[in-house]
Participant: 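Here it is, the structure in full.
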Protein chains: 2
Amino acid sequence: MNILEKITNELDILSKSERKVAEVILASPSTVIHSSIAALAKQANISEPTVNRFCRRLDTKGYPDFKLHLAQSLANGTPYVNRHVDENDTAEEYTSKIFESTMASLELARKSLDPSLINRSVDVLTQANKISFFGLGASAIVAHDAQNKFFRFNVPVVYFDDILMQRMSAINSRQGDVVIVISHTGRTKSLVEVASLAKENDATVIGITTNGTPLAKECSIVLSVEVAEDTDLYMPMSSRIAQLALIDVLATGFTLRRGSKFRDNLKKVKDSLRSSRFERKD
Amino acid sequence: MNILEKITNELDILSKSERKVAEVILASPSTVIHSSIAALAKQANISEPTVNRFCRRLDTKGYPDFKLHLAQSLANGTPYVNRHVDENDTAEEYTSKIFESTMASLELARKSLDPSLINRSVDVLTQANKISFFGLGASAIVAHDAQNKFFRFNVPVVYFDDILMQRMSAINSRQGDVVIVISHTGRTKSLVEVASLAKENDATVIGITTNGTPLAKECSIVLSVEVAEDTDLYMPMSSRIAQLALIDVLATGFTLRRGSKFRDNLKKVKDSLRSSRFERKD
DNA sequence: TGCAATTATGAAATAAAATTTCATTTTTCC
DNA sequence: GGAAAAATGAAATTTTATTTCATAATTGCA
């Protein structure tokens, strides 16, 4: 585990003097890795042995070992960050920035997901009579992709990116049906209405959206996908990728729940594509 | 820079004894960060001052500082790896694995992309009379997403995920048109034919695929997206996400090339959606 | 090739840093 | 309010790293 997080967690277990040490370290960890035990003790206004005891309490062998852990934590800390593309970036620069922002978003999204809700969603999906995916704009492609995955499972699955079709489908839904609505903002009026209609007709509504939005309020289960601020270019970017990864997670959960025989079936679906491909000569 | 790489690079600048030290370190860096200078000297069969000199030659302050750098380098190494989902994984476990595999794939994809080819592709795209995106199966959603992005730029853009429409469109293409074909395997027969038809009709064909495949051979520019081995579940996962990130890169390159006035225009497109949304009350 | 100059190396001395011991102070709990 | 426990730091000790300096190896040049 990251030692900085560990310090934060154990802050209340520490004694008064040890907490002083902790505070100095948390305030400027990168300085500390270049300080001697004496310098740090002075900084925190406590004695050297206290620093040493502090280190041991965090399960390190002593001060030098602690510094090693700290250095590693710093190296690990958010390896990918959301950097904005700049007007004068070269192709190499904006490529790196976009990929790294995407990775940072995935990292954040994973942290914000609640595994127990994923588990419940998988429960619901495996027992569904029919599954519908609805999205508009950038989220439409996520719904499209979800259909692509779930239809392999041999369950009735539809996807619509058309408002009227979504409404009609929602009105026709019934108990045992699962409706998955996808929207990053959670504020698209027509989609909120669709969710509400589906709910009124006793379908289970799962929202892939942000917590606390109007759409979230209409859902039985909210899979909240937090995403770093989108870039300045006025296009949805990372959000849909995080949503797609979530679809992968749900599909995977589904196949795991169904057991190994079911997975043999997936292989057959894949093999059925073979004749449409050029052979690979490895 | 990673200090392990640095050691490797400077191996030939080092003296005989110093090289012994380097070899011991490279052989087992993780052991070294827990060794004292005396232990390492003994291991390498040289004296302690030699170790110290070695450290300084690598621009560190001394042995402890060197160990710090080494620890950080070790911590940086491949933060995300492609771990396979296991039969008995909990929801939390498979969620983490999928997100991490996706991130690992993005990392790999970014490394495999050639910025100069991206630059050329952006050149071609900004000068296109018409842009078409073709994909099938999982790649269809990438084409779909690309259309979603590029239509905002106010250039004629189409996307087809239907073989016949793709063929017809390809046959009707002409000089100045750009056709982007998307396929991870690069072996889908009908798509290779479509690429070939477009090429015969003097369109510029950009392939988002893997180098060396039949599809790649038909393309004027190949944007090769390498991706880690897909998981065992017989579904495309990371490949389409890496492709989407690449679409983001192309779209971004496009807007940067077009200049700032053009970007104001994008804002207008985005703002036009406002009335379809519930207001945010922050 | 021979020899001075340069560079590399390690033994020993020194310096620096970390840890242990132990006495003192502070806190806790009855 | 006071004994027991816990926390703390001064000083001593130990461990670790660095410097100094003498010697050995290598290089460059006549």
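Atom set for the values below is all heavy atoms of this structure, side chains included, hydrogens, waters and symmetry mates excluded. Letters A, B, ... are given to chains in the order of the sequence lines, protein chains preceding strands, and every chain is numbered from 1.
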Participant: Of all residues at least two apart in sequence or in a different chain, which pass the salt bridge (Lys or Arg N to Asp or Glu O under 4.0 Å) check with B:Asp123?
Facilitator: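 Checked B:Asp123 against salt bridge (Lys or Arg N to Asp or Glu O under 4.0 Å); matches are B:Arg257.
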
Participant: Before you tell me yes or no, could you show the steps for A:Asp114 and A:Arg120 under salt bridge (Lys or Arg N to Asp or Glu O under 4.0 Å), namely the whole-Å CA-CA distance, both residues' side-chain angles and the distance that decides it to 0.1 Å?
Facilitator: CA-CA 10 Å; A:Asp114 179 342; A:Arg120 259 187 65 205; over 6 Å; no

Participant: Would you say A:Leu246 and A:Ile118 make side-chain contact, with heavy atoms under 4.5 Å?
Facilitator: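 A:Leu246 vs A:Ile118: side chains touch.
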
Participant: Determine: side-chain N/O of B:Ser17 to OP1/OP2 of C:dT9, distance under 4.0 Å, yes or no.
Facilitator: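 Yes, B:Ser17 has a side-chain N/O under 4.0 Å of OP1/OP2 on C:dT9.
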
Participant: The test is salt bridge (Lys or Arg N to Asp or Glu O under 4.0 Å); show your working for B:Glu100 and A:Arg110 and say whether it passes.
Facilitator: CA-CA 9 Å; B:Glu100 283 176 22; A:Arg110 188 198 55 177; 2.5 Å; yes

Participant: Sugar-phosphate atoms are those with a prime plus P, OP1 and OP2; base atoms are the rest. Using that split, label each nucleotide of nucleotides 17-27 of chain C B, S or - for protein heavy atoms under 4.0 Å, 5' to 3'.
Facilitator: -SBB------S

Participant: Looking at residues at least two apart in the chain, or sitting in another chain, which of them share a salt bridge (Lys or Arg N to Asp or Glu O under 4.0 Å) with B:Arg57?
Facilitator: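 Testing B:Arg57 for salt bridge (Lys or Arg N to Asp or Glu O under 4.0 Å), a comparison that skips the adjacent residues, returns B:Glu18.
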
Participant: Using the test salt bridge (Lys or Arg N to Asp or Glu O under 4.0 Å), find all partners of B:Asp65 that sit at least two apart in sequence or belong to another chain.
Facilitator: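 Per chain and number, B:Asp65 pairs via salt bridge (Lys or Arg N to Asp or Glu O under 4.0 Å) with no residue.
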
Participant: Can you find a side chain N or O atom of B:Thr50 that sits less than 4.0 Å from OP1 or OP2 on C:dG10?
Facilitator: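 For C:dG10, OP1 or OP2 has a side-chain N or O of B:Thr50 closer than 4.0 Å.
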
Participant: Rounded to whole angstrom units, what separation is found between the CZ atom of B:Arg19 and the P atom of C:dA8?
Facilitator: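 Those two atoms, CZ and P, are 11 Å apart.
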
Participant: Under 3.5 Å, is there a donor-acceptor pair between the side chain of A:Ser220 and the main chain of A:Val205?
Facilitator: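 Checked: pair present.
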
Participant: If a pair satisfies ring pair (Phe, Tyr, Trp, His ring centres under 6.0 Å) and one of its residues is in residues 88-117 of chain B, list it, with sequence neighbours excluded.
Facilitator: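 Listed by first then second residue: nothing to list.
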
Participant: Note the angle between the end axes of the helix from C:dT1-D:dA30 to C:dC30-D:dG1, five pairs defining each, rounded to 10 degrees.
Facilitator: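 Answer for the end axes of this duplex: 30°.
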
Participant: At less than 4.0 Å, is any side-chain N or O atom of B:Ser47 found next to OP1 or OP2 of C:dA11? Yes or no.
Facilitator: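 No.
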
